[in-house]
Amino acid sequence: MKNKMVEIPVSGLFSMEECLWFLSRDFDDCMYKVYEDRVRRGFKSSSGIMVVDIYLMPDELVLEWLNVLPSAQDIKAVVEFVSDWLDLNTDLTLFYKILATDKRISYMAKEYSGLRFIGMPDFFEALTWCIIGQQINLSFAYKIKRRLVEQYGEFTFYDGQKYYVFPTAERLAHANISDLRSLQFSEKKAQYLITIAQAFSNGTLSKELLQGLPDLENRIKFLTGIRGIGRWTANYALMKSLKEPTCIPYGDAGLLNALVNHKIIKTKDDKVAIERFLKSFAGWESYLVFYLWRTLSQPKFRSNQLRPS
DNA sequence: TCCCAGGGCATCA
DNA sequence: TGATGCCATGGG
């Protein structure tokens, strides 16, 4: 059987190498596997889990179904997911022009040229990830995420490896706090997660519902009205999942470290300097934050873990 | 051993 | 409205 392949045209600056580097950086994300020139992940379809390779040919991104022949509907869903995940429809030219106006960070345009904003199209996954990641270090957060996915997520085997899809809200809505505690969720995080899963499950919370709200202010207000979702989580989830270009996870520890590293702020509570800096990137704030996070993996910044202000 | 980590909530002044 | 303490545990 010949594998089904679908090409997605990629315009403008795009670097598969940079995107793969980000996807594989230092952490262990259980939702995909990164190989030398490609990323492989599972996608839910009506007939099971499809395993798909994603790699770059000269001017197009190729999706290759490895274990099944997909339906037209499956193809459409995966193309949409990948376009969203790897932010294929953004032209980085203007962003790089704005970067060039600030000598402290202008190097990023060359250093990370073609790096796209890696999103999280599944809004439930994004919010779950936020709850998990609150106030714990990232490597531990990824461990907990893996435990959650392996405990509650569906998977298929391909080439000796397991490929998971993220647990459904319906499944997690019925999880017990004690079960989540055994995965090393804190009591509160377990409560938050179950509450959010129930909201998704009964339809009182969804990506579509949020997209239907009139403006950003309303979306943030709606989200922060839910227990466990504060300003950081609301902004992070809107940025990663709904691709709100102006959303910034204010107070984010990594962002503040990056700003100090680049001497953009002297102390982490310097809100005036942060506002002033961000103002000049209007419309590209989330890309800016994403690139600043990227800098945290640079050796010169990694060895310079900062003391709090 | 100490301090921080891609925070949020309850309480209090 | 802002400050403080607490949650919870791995990692440097």
Side-chain angles (χ1 to χ4, degrees), chain A residues 22-31 115 117-120 123 125-148 177-197 199 205 220-244 247-262 264-265 267-272 274-275 278 285-309:
Chain A
F22 188 86
L23 287 169
S24 64
R25 53 201 207 289
D26 302 321
F27 305 110
D28 169 37
D29 196 309
C30 54
M31 301 309 298
L115 171 65
F117 183 100
I118 309 294
M120 207 174 275
F123 189 45
E125 180 187 343
L127 281 176
T128 302
W129 174 235
C130 287
I131 300 296
I132 292 172
Q134 288 169 4
Q135 195 57 18
I136 57 174
N137 67 69
L138 270 183
S139 46
F140 183 45
Y142 276 103
K143 277 185 192 169
I144 295 183
K145 181 180 179 183
R146 176 174 283 283
R147 288 176 195 157
L148 183 78
I177 287 180
S178 58
D179 294 339
L180 295 176
R181 290 283 293 135
S182 69
L183 305 181
Q184 283 184 286
F185 276 74
S186 69
E187 183 86 14
K188 280 183 181 172
K189 286 188 180 184
Q191 287 170 359
Y192 298 157
L193 175 54
I194 292 170
T195 301
I196 288 168
L205 175 58
I220 289 177
K221 198 174 170 185
F222 184 91
L223 284 174
T224 52
I226 298 166
R227 284 181 66 83
I229 300 181
R231 205 163 70 122
W232 177 85
T233 298
N235 278 297
Y236 183 98
L238 288 169
M239 178 183 87
K240 286 286 271 188
S241 198
L242 274 76
K243 297 290 186 69
E244 294 277 6
C247 277
I248 300 159
Y250 290 96
D252 178 87
L255 172 60
L256 294 175
N257 281 335
L259 291 173
V260 176
N261 287 339
H262 288 83
I264 291 159
I265 55 173
T267 59
K268 293 184 184 181
D269 57 359
D270 191 350
K271 291 177 184 170
V272 177
I274 296 171
E275 279 301 325
L278 293 173
E285 290 94 331
S286 59
Y287 249 97
L288 179 65
V289 170
F290 187 73
Y291 270 55
L292 284 168
W293 279 336
R294 169 66 180 87
T295 68
L296 295 171
S297 297
Q298 289 197 177
K300 66 176 176 178
F301 292 138
R302 293 179 65 162
S303 58
N304 181 27
Q305 286 305 306
L306 298 153
R307 304 267 73 83
S309 58

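The structure displayed is predicted, hence computed values, not measured ones. Letters A, B, ... mirror the listed sequences (proteins, then strands); counts begin at 1.
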Peer 1: Measuring only between side-chain heavy atoms, which start at C-beta, is A:Asp252 closer than 4.5 Å to A:Asn235?
Peer 2: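 Counting from C-beta outward, A:Asp252 and A:Asn235 never come under 4.5 Å.
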
Peer 1: Using a cut-off of less than 4.0 Å, is there contact between a side-chain N or O of A:Asn257 and OP1 or OP2 of B:dC4?
Peer 2: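 Indeed not, no polar side-chain atom of A:Asn257 lies that close.
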
Peer 1: Should A:Lys268 be listed as having a side-chain N or O under 4.0 Å from OP1 or OP2 of B:dA5?
Peer 2: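 Yes, because at least one side-chain N or O of A:Lys268 sits under 4.0 Å from OP1 or OP2 of B:dA5.
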
Peer 1: If you assign each of A:Ile136 and A:Lys143 to its closest nucleotide in DNA chain C, which residue comes earlier from the 5' end?
Peer 2: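 Mapping each residue to its closest nucleotide by heavy atoms, the 5'-most match is A:Ile136.
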
Peer 1: Of the listed nucleotides (C:dT9, C:dA8, B:dA5), which one gets closest to any side-chain atom of A:Ala253?
Peer 2: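 It is B:dA5.
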
Peer 1: Please determine if A:Lys145 and A:Asp29 form a salt bridge, counting it only when a charged side-chain N lies under 4.0 Å from a carboxylate O.
Peer 2: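 Salt bridge between A:Lys145 and A:Asp29, a charged N being under 4.0 Å from a carboxylate O: yes.
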
Peer 1: Atom CZ of A:Arg147 to atom P of C:dA8: distance rounded to whole Å?
Peer 2: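 These atoms are roughly 16 Å apart.
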
Peer 1: Quick one: does A:Gln134's side chain have a donor or acceptor within less than 3.5 Å of a partner on A:Trp232's backbone?
Peer 2: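 It does not hold such a pair.
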
Peer 1: Take the protein atom CD1 of A:Ile131 and the nucleotide atom P of C:dT9, then report the distance between them rounded to whole Å.
Peer 2: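 After rounding, the gap between these two atoms is 17 Å.
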
Peer 1: Reckon A:Ile229 touches a base, only the sugar-phosphate, or nothing at all at heavy-atom distances under 4.0 Å?
Peer 2: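 The answer is sugar-phosphate, as A:Ile229 gets under 4.0 Å only of primed atoms, P, OP1 or OP2.
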
Peer 1: Looking at A:Tyr291, does the NZ or CZ of A:Arg294 lie under 6.0 angstrom from its six-membered ring centre and within 45 degrees of the ring axis?
Peer 2: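 No, cation not above the ring by the 6.0 Å, 45° rule.
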
Peer 1: Under 4.0 Å, heavy atoms only, any strand: does A:Gln134 hit a base, just the sugar-phosphate, or nothing?
Peer 2: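 Sugar-phosphate: the residue A:Gln134, judged by heavy atoms under 4.0 Å, touches backbone atoms but no base.
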
Peer 1: Distance check needed: C:dC6 P versus A:Glu187 CD, whole Å only.
Peer 2: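 Taking atom P of C:dC6 as the reference, CD of A:Glu187 is at 18 Å.
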
Peer 1: Using atom CG of A:Leu193 as one end and atom P of B:dG8 as the other, report the distance to the nearest whole Å.
Peer 2: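 About 15 Å, once rounded to whole Å.
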
Peer 1: If you go through the side-chain atoms of A:Asn137, does one of them form a donor-acceptor pair with the base of C:dG11 closer than 3.5 Å?
Peer 2: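 No, the side chain and the base share no sub-3.5 Å donor-acceptor pair.
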
Peer 1: Cation-pi between A:Lys240 and A:Phe117: NZ/CZ under 6.0 Å from ring centre and within 45° of the ring axis?
Peer 2: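 That pair qualifies as a cation-pi contact.
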
Peer 1: For A:Gln191, does its backbone N or O pair with a side-chain atom of A:Thr195 as donor and acceptor, under 3.5 Å?
Peer 2: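 A pair under 3.5 Å: yes.
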
Peer 1: Need one value for A:Tyr192: base, sugar-phosphate or nothing, where a base atom within 4.0 Å counts as base even if backbone is also close, heavy atoms only.
Peer 2: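 Here A:Tyr192 touches the backbone only, sparing every base.
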
Peer 1: Roughly how many Å is it from CD1 in A:Ile132 to P in C:dG10, rounded to a whole number?
Peer 2: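 To the nearest whole Å, that distance equals 15 Å.
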
Peer 1: B:dA5, C:dA8, B:dA10: which one has an atom nearest the side-chain heavy atoms of A:Arg227?
Peer 2: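 Nearest listed nucleotide: B:dA10.
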
Peer 1: Need one value for A:Arg25: base, sugar-phosphate or nothing, where a base atom within 4.0 Å counts as base even if backbone is also close, heavy atoms only.
Peer 2: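 Base, at least one base atom sits under 4.0 Å.
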
Peer 1: In terms of the nearest nucleotide of DNA chain B, which residue is placed more toward the 5' end: A:Ser139 or A:Ile226?
Peer 2: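 Final value for this comparison: A:Ser139.
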
Peer 1: Nearest of B:dA5, B:dG8, C:dT9 to any side-chain atom of A:Gln135?
Peer 2: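 For A:Gln135, the side-chain atoms sit closest to B:dA5.
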
Peer 1: I need the CG-P distance between A:Leu180 and C:dA8, as an integer number of Å.
Peer 2: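 Rounded to whole Å, this separation is 13 Å.
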
Peer 1: Picking from C:dA8, C:dT9, B:dG7, which would you name as closest to the side chain of A:Phe140?
Peer 2: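 Between C:dA8, C:dT9, B:dG7, the one nearest the side chain of A:Phe140 would be C:dT9.
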
Peer 1: Is A:Thr233 close enough to B:dG8 that one of its side-chain N or O atoms is under 4.0 Å from OP1 or OP2 there?
Peer 2: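 So the side-chain polar atoms of A:Thr233 do come within 4.0 Å of the phosphate oxygens OP1 or OP2 of B:dG8, strictly under.
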
Peer 1: In this structure, how many angstroms lie between the P atom of B:dC4 and the CG atom of A:Asp252, rounded?
Peer 2: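 Rounded to the whole Å, the gap is 16 Å.
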
Peer 1: Provide, to the nearest angstrom, the distance between the CD1 atom belonging to A:Ile177 and the C1' atom belonging to C:dA8.
Peer 2: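 Result: 15 Å.
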
